[in-house]
Amino acid sequence: MTQNSPPLVLPPSLSRTVAALPDKDRNRLDDTITRLHTVNGRLWDTEDRVRGALLSAAQVADCKREIDQLNAERNLLAERADEVLGSLADAGRADVPLHTETLASVLDRLSVLTLRIWHSERAAARDELARRRVPALHGQREELCAALDALVSDVVAGRRRLPVPARFKLYGRDDAAPAEIKPSRRLRRVLAFGGLSECGKSTSAEFVQRTCGAQRFKIGFLLRQAAHREGLADSYALSPRRQAELLLGELNRFADAHIDTELFTIESVHDDASIAELKRLMGDALQIVYLDASFAVRVERSGTPAQAVAAKDEIKMSRGAHQVAALADHVIDNTGSIAALRARLRRIAAPPASTALRAATPYGLGLPAAVASATADFTDAVRAYGPGVRLAALTGSPGEGSWIAGWSDLDLLVIAEHEAIGRVHEALEQYRTALGGAASLGPTLVTPGELTARRLTPRLAFVLHQLQQGSPVLHAAPSLELPTISRGELAFAAVRELPQVILTMRRLRADAGPTALRQLYKHLVLACRLLLREHNQWESGPDRILAAASRMPGLTALATPSLAEISSAWRDGEAELVLKPVTVAVNQLLTWYAAQLAA
């Protein structure tokens, strides 16, 4: 309905009959009739506008287009209502009398009559003719309601048949039925930010753009683009449905032209009616995010007088911006910390998903018997803690099947609720004791909230990606949800991680004695692995990684001994035998890397 317009009240017999429908049909009918009545109210307002004030030729054309659009929508909604209402009819005999119109057509007339009464009552105070018409209009409504109830009874009892409900209205279209615009298959996900002044809409959209690679749009910009494309003088004067179609059309065009863009944001949602229509068009592909904060907090954040914020609020509320909260998929209380806001935004922008993980026993990872036994005891201990511990996995070389005793670490990932971390510490102490000197344990402890908020180091992102690609886990809770990590994200993570790896490698090179061999070699392999990711090459295993890196443009081949030779020399206390070729390879890589960034 338009603002302050009257509700449509169904006659009693029809109300009782509709109430007996299945929930799905009743809800669909309620929504359709409400929207039909709303469209009729907007049609009335638009026709008043085109007849009343002095308008330019372009504005009159806009109004005419809007009237055509609303009439097309009105007929579409009536047909949808008849799809449900038609189920009320008894199959009956084919020779029973045929009524002249459908039930939805009568409801449509009742809607228009309700609006006529309301407008006449408003005009009665200043218009004597309108005042005299009001009683007659109420009489017409009573007669129409009685006739509609009688028709419903006849239809349900099989004493009347209803005509085919299709209307086949064109309203300026070349086809025989109005085509409803649909989201492009490339328009995967859109976040629409709403809220009152200074609530954090722009800040939130900017964060999603920066961290998630979203394409950011202002709704006003999209509507202006659409108006220019369609030859409209004022897109804001159009119906909410038409505005929603224009917005979707522009989003579709951009998505089709930029197929790699997977996330869009639009701001600011300026009224509840148009965003509700856009939600109907897009479904769950559109996620409406309403940011809420108290007036005092918003004034403090704005740095402007309270009167200025209140004035902005008044304008937004006049358009229904505050009512967007009732439509929102997500309402965020933005009075807390920035960390809490950003965590919520990351979960909305990139929702975690249940992941099918491959479980394996420690004895299937190629570990020595003592190490496998200690690992099995640790797994049993954390599994006994219940849902507080969500996942335990050995990462890196055990998952790749290349763990080497006396050389490789046991890199352990544990995902646990913060409240369970203390018990995990106890299990880790027992694990270390059981390992003795058989292996060095390197645990990483992280909470599920940190993961779903994507507070991830590049190394942790790579580990999650490996688990999703099939690396085995020791234990995983059935309901575990993890962020999905793409190769593209890992390539960007490599750009962030590589500088620290290079700096560490230079520090290790400055003290390149035999004791530094292991760390120097591992950083050489890691640096090459990160460089390969930037080139979209995904090798595993140190020997394969170094061989692939040797083929990068301009880099002299890295002639290092094999991992087996290096690890054997390290275990046998003969690190100096392989230190020189490793040091030479490190020098080559550092020289090449410096040259790449000097231009």
Side-chain angles (χ1 to χ4, degrees), residues 189-219 261-270 275 286-306 308-310 312-313 316 321-322 324-325 327-353 390 415-419 421 444-461 464 481-486 489 492-493 495-497 499-500:
R189 191 171 177 81
V190 178
L191 304 186
F193 288 101
L196 296 179
S197 305
E198 311 299 337
C199 65
K201 299 184 294 295
S202 296
T203 301
S204 297
E206 182 182 8
F207 173 76
V208 173
Q209 178 188 39
R210 179 162 45 86
T211 59
C212 303
Q215 177 64 48
R216 182 181 173 194
F217 286 113
K218 295 283 189 179
I219 287 178
T261 302
E262 297 190 354
L263 180 64
F264 296 82
T265 67
I266 55 177
E267 57 180 291
S268 300
V269 177
H270 55 271
I275 199 65
L286 174 68
Q287 293 290 293
I288 304 171
V289 182
Y290 187 86
L291 293 151
D292 197 14
S294 68
F295 180 71
V297 168
R298 293 187 287 113
V299 169
E300 181 181 356
R301 288 177 178 171
S302 72
T304 59
V309 177
K312 291 181 181 178
D313 281 354
K316 293 180 182 295
H322 59 302
V324 173
L327 306 170
D329 300 282
H330 312 274
V331 177
I332 299 178
D333 178 6
N334 190 19
T335 58
S337 69
I338 292 293
L341 171 65
R342 290 178 173 176
R344 185 78 182 274
L345 291 172
R346 290 303 297 267
R347 292 187 186 101
I348 294 170
R390 314 304 300 280
I415 303 173
E417 299 290 352
H418 179 71
E419 294 75 14
I421 294 294
T444 297
L445 306 182
V446 62
T447 67
E450 291 170 62
L451 294 182
T452 57
R454 290 184 172 256
R455 291 296 179 113
L456 309 175
T457 63
R459 169 64 183 162
L460 184 53
L464 293 175
E481 290 188 333
L482 297 175
T484 302
I485 309 297
S486 67
E489 289 177 85
F492 282 116
V495 174
R496 298 195 305 271
E497 187 180 11
Q500 182 61 53

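Just so you know, these numbers come straight off a predicted model, no measurement behind them. For the single chain, residues carry numbers from 1 onward in sequence order. What you see below is based on every heavy atom in this structure, not just the backbone, and it leaves out hydrogens, waters and symmetry mates.
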What pair of heavy atoms forms the shortest contact from [X] to [Y], and how long is it?
{"X": "P448", "Y": "A416", "answer": "CD-O, 3.4 Å"}
{"X": "F207", "Y": "T211", "answer": "O-OG1, 2.7 Å"}
{"X": "A192", "Y": "L286", "answer": "CB-CD1, 3.8 Å"}
{"X": "A293", "Y": "R301", "answer": "CB-NH1, 4.4 Å"}
{"X": "P483", "Y": "L451", "answer": "CG-O, 3.4 Å"}
{"X": "Y290", "Y": "G195", "answer": "CE1-CA, 3.5 Å"}

Please examine the side chains of [Y] and [X], heavy atoms only from C-beta on, and report whether any two atoms are closer than 4.5 Å.
{"X": "H270", "Y": "K316", "value": "no"}
{"X": "T203", "Y": "I338", "value": "no"}
{"X": "L345", "Y": "S204", "value": "yes"}

Enter the distance from [X]:[atom1] to [Y]:[atom2] here, rounded to the nearest 0.5 Å.
{"X": "I485", "Y": "L460", "atom1": "CD1", "atom2": "CG", "result": "8.0 Å"}
{"X": "R210", "Y": "R342", "atom1": "CZ", "atom2": "CZ", "result": "5.5 Å"}
{"X": "L196", "Y": "D292", "atom1": "CG", "atom2": "CG", "result": "7.5 Å"}
{"X": "I421", "Y": "L445", "atom1": "CD1", "atom2": "CG", "result": "5.0 Å"}
{"X": "L464", "Y": "L456", "atom1": "CG", "atom2": "CG", "result": "6.0 Å"}
{"X": "F193", "Y": "Q287", "atom1": "CZ", "atom2": "CD", "result": "11.0 Å"}

Could you list the residues that satisfy side chain to side chain donor-acceptor pair (under 3.5 Å) with R344, not counting sequence neighbours?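 Here no residue qualifies.
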Not counting sequence neighbours, which residues clear side chain to side chain donor-acceptor pair (under 3.5 Å) with S302? List them please.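 Residues passing side chain to side chain donor-acceptor pair (under 3.5 Å) with S302: T304.
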Under 3.5 Å, side chain of [X] to main-chain N/O of [Y], donor-acceptor pair present?
{"X": "D329", "Y": "I288", "result": "yes"}
{"X": "N334", "Y": "C199", "result": "yes"}
{"X": "Q500", "Y": "E497", "result": "no"}
{"X": "R298", "Y": "S197", "result": "yes"}
{"X": "R216", "Y": "V208", "result": "no"}

With distance as the sole criterion, is a donor-acceptor pair present between the side chains of T265 and Q209 under 3.5 Å?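 No - no donor-acceptor pair under 3.5 Å links their side chains.
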Atom CZ of residue position R455 - does it have more than 12 heavy atoms of other residues, nucleotides or ligands inside 6.0 Å?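 Check fails, neighbour count at 12 or below.
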Exceeds 12 heavy-atom contacts within 6.0 angstrom, atom NE2 of H330: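 Yes, because the 6.0 Å sphere around NE2 of H330 holds more than 12 heavy atoms from other groups.
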Quick test of your reading: applying salt bridge (Lys or Arg N to Asp or Glu O under 4.0 Å), list the pairs with at least one residue in residues 191-209, sequence neighbours left out, ordered by first then second residue.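 Of all non-adjacent pairs touching residues 191-209, those that pass salt bridge (Lys or Arg N to Asp or Glu O under 4.0 Å) are E198-K312.
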Got a salt bridge between R189 and E262, using NZ or NE/NH1/NH2 to carboxylate O under 4.0 Å?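 Looking at E262 together with R189, the answer is no, because their closest N to O distance does not fall below 4.0 Å.
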